[in-house]
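Structure first, commentary second.
Just so you know, these numbers come straight off a predicted model, no measurement behind them.
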Amino acid sequence: MKSILVIEDNVLLADFIAEVLQEEGYDVKVAANGQEGLSRLREVKPDLVITDLMMPKVSGEEVCQVITAHPKYHEIPVVLMSSRDEAFVNVKCRYAAFLPKPFDLSSLLGLVVHLIGVTV
């Protein structure tokens with residue numbers, strides 16, 4: 001089973017994303033901020049990380065930088081989510097995709113399937 005770590009400070013949105021992905025057969029873990037997300041990353045080593053860009057404590061950009069710089073995690077694709085337009089986001093990390101908020105479910109699911117495939 002493919003695993004996904006969702007890092008989002010909006011609890012309702014995080015739970016919604018987790019529920020949708022779980023219904024598709026993915027094992028989903030949720031973290032409420034970047035600091036918690038990095039801790040969960042060490043516990044889980046997911047196949048994909050979906051993170052909000054702007055969060056308290058540790059931002060999504062910082063999470064992305066840690067993941068892409070670490071030899072154990074650098075192969076994990078990172079999806080950044082933000083209500084800001086990607087053209088105006090100056091992110092200094094190698095992310096796999098950008099998901100603008102609000103997004104529709106088909107965009108989310110299509111992106112996940114593209115990056116890590118479907119579950120069996």
Side-chain angles (χ1 to χ4, degrees):
M1 179 181 287
K2 305 269 183 158
S3 64
I4 300 172
L5 174 59
V6 176
I7 308 171
E8 170 62 62
D9 58 334
N10 178 323
V11 177
L12 293 176
L13 180 57
D15 289 345
F16 175 71
I17 292 170
E19 184 178 320
V20 167
L21 294 173
Q22 287 167 341
E23 287 176 3
E24 294 296 315
Y26 298 98
D27 178 33
V28 182
K29 305 295 183 212
V30 176
N33 59 57
Q35 184 177 357
E36 184 182 325
L38 290 174
S39 293
R40 300 295 308 260
L41 177 71
R42 292 178 194 101
E43 297 167 10
V44 181
K45 193 170 184 235
D47 297 295
L48 175 67
V49 173
I50 301 173
T51 182
D52 186 17
L53 187 57
M54 296 181 293
M55 293 181 293
K57 297 185 182 182
V58 176
S59 72
E61 179 177 8
E62 291 169 298
V63 169
C64 181
Q65 289 170 342
V66 168
I67 290 171
T68 58
H70 197 289
K72 185 176 178 181
Y73 307 120
H74 75 277
E75 294 295 324
I76 300 171
V78 176
V79 175
L80 296 178
M81 297 184 296
S82 180
S83 56
R84 296 177 63 196
D85 188 287
E86 184 178 16
F88 299 105
V89 174
N90 187 19
V91 178
K92 294 175 179 70
C93 74
R94 186 178 37 86
Y95 58 95
F98 186 87
L99 189 62
K101 293 180 185 177
F103 53 85
D104 59 73
L105 292 180
S106 62
S107 295
L108 172 65
L109 294 174
L111 190 56
V112 170
V113 168
H114 171 73
L115 292 171
I116 63 170
V118 295
T119 61
V120 179

Name the atoms and distances for all side-chain donor-acceptor pairs under 3.5 Å in residues 10-21, with sequence neighbours left out.
from: Asn10; atom 1: OD1; to: Leu12; atom 2: N; distance (Å): 3.1
from: Asn10; atom 1: OD1; to: Leu13; atom 2: N; distance (Å): 3.0

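Shown here are the salt bridge (Lys or Arg N to Asp or Glu O under 4.0 Å) partners of Lys101, two or more places apart in sequence or in another chain: Glu8, Asp52.
Paired with Leu99 under the rule side-chain contact (heavy atoms from CB on, under 4.5 Å), one option of Leu53, Val79, Thr51 passes, and it is Val79.
Minimum heavy-atom separation, Gly60 to Leu80: O-CD2, 4.0 Å. The two residues Asp47 and Ile116 have their closest heavy-atom pair at O-CG2, 3.3 Å. Of all non-hydrogen atoms in Ser3 and Pro46, the two that sit nearest each other are OG-CA, 3.1 Å. In this structure, Gly34 and Val63 approach most closely via the heavy-atom pair CA-CG2, 3.7 Å. Residues Phe98 and Ser82 come closest through the heavy atom pair CZ-CB, 3.8 Å.
Sorted by first and then second residue, the salt bridge (charged side-chain N to carboxylate O under 4.0 Å, His left out) pairs with a member in residues 28-44 read Asp27-Lys29, Arg40-Glu43; sequence neighbours excluded.
Connection of Val30 to Val44 is not established within any shared hydrophobic cluster, with ILVMFWY side chains joined at heavy-atom distances below 4.5 Å, either directly or through further cluster members.
Between the side chain of His70 and the main chain of Ile67, no donor-acceptor pair closer than 3.5 Å is present.
Between the CZ atom of Phe103 and the CG atom of Leu111 there is a distance of 10.0 Å, given to the nearest 0.5 Å. With rounding to the nearest 0.5 Å, the separation of CD1 in Ile7 from CD1 in Ile50 is 10.0 Å.
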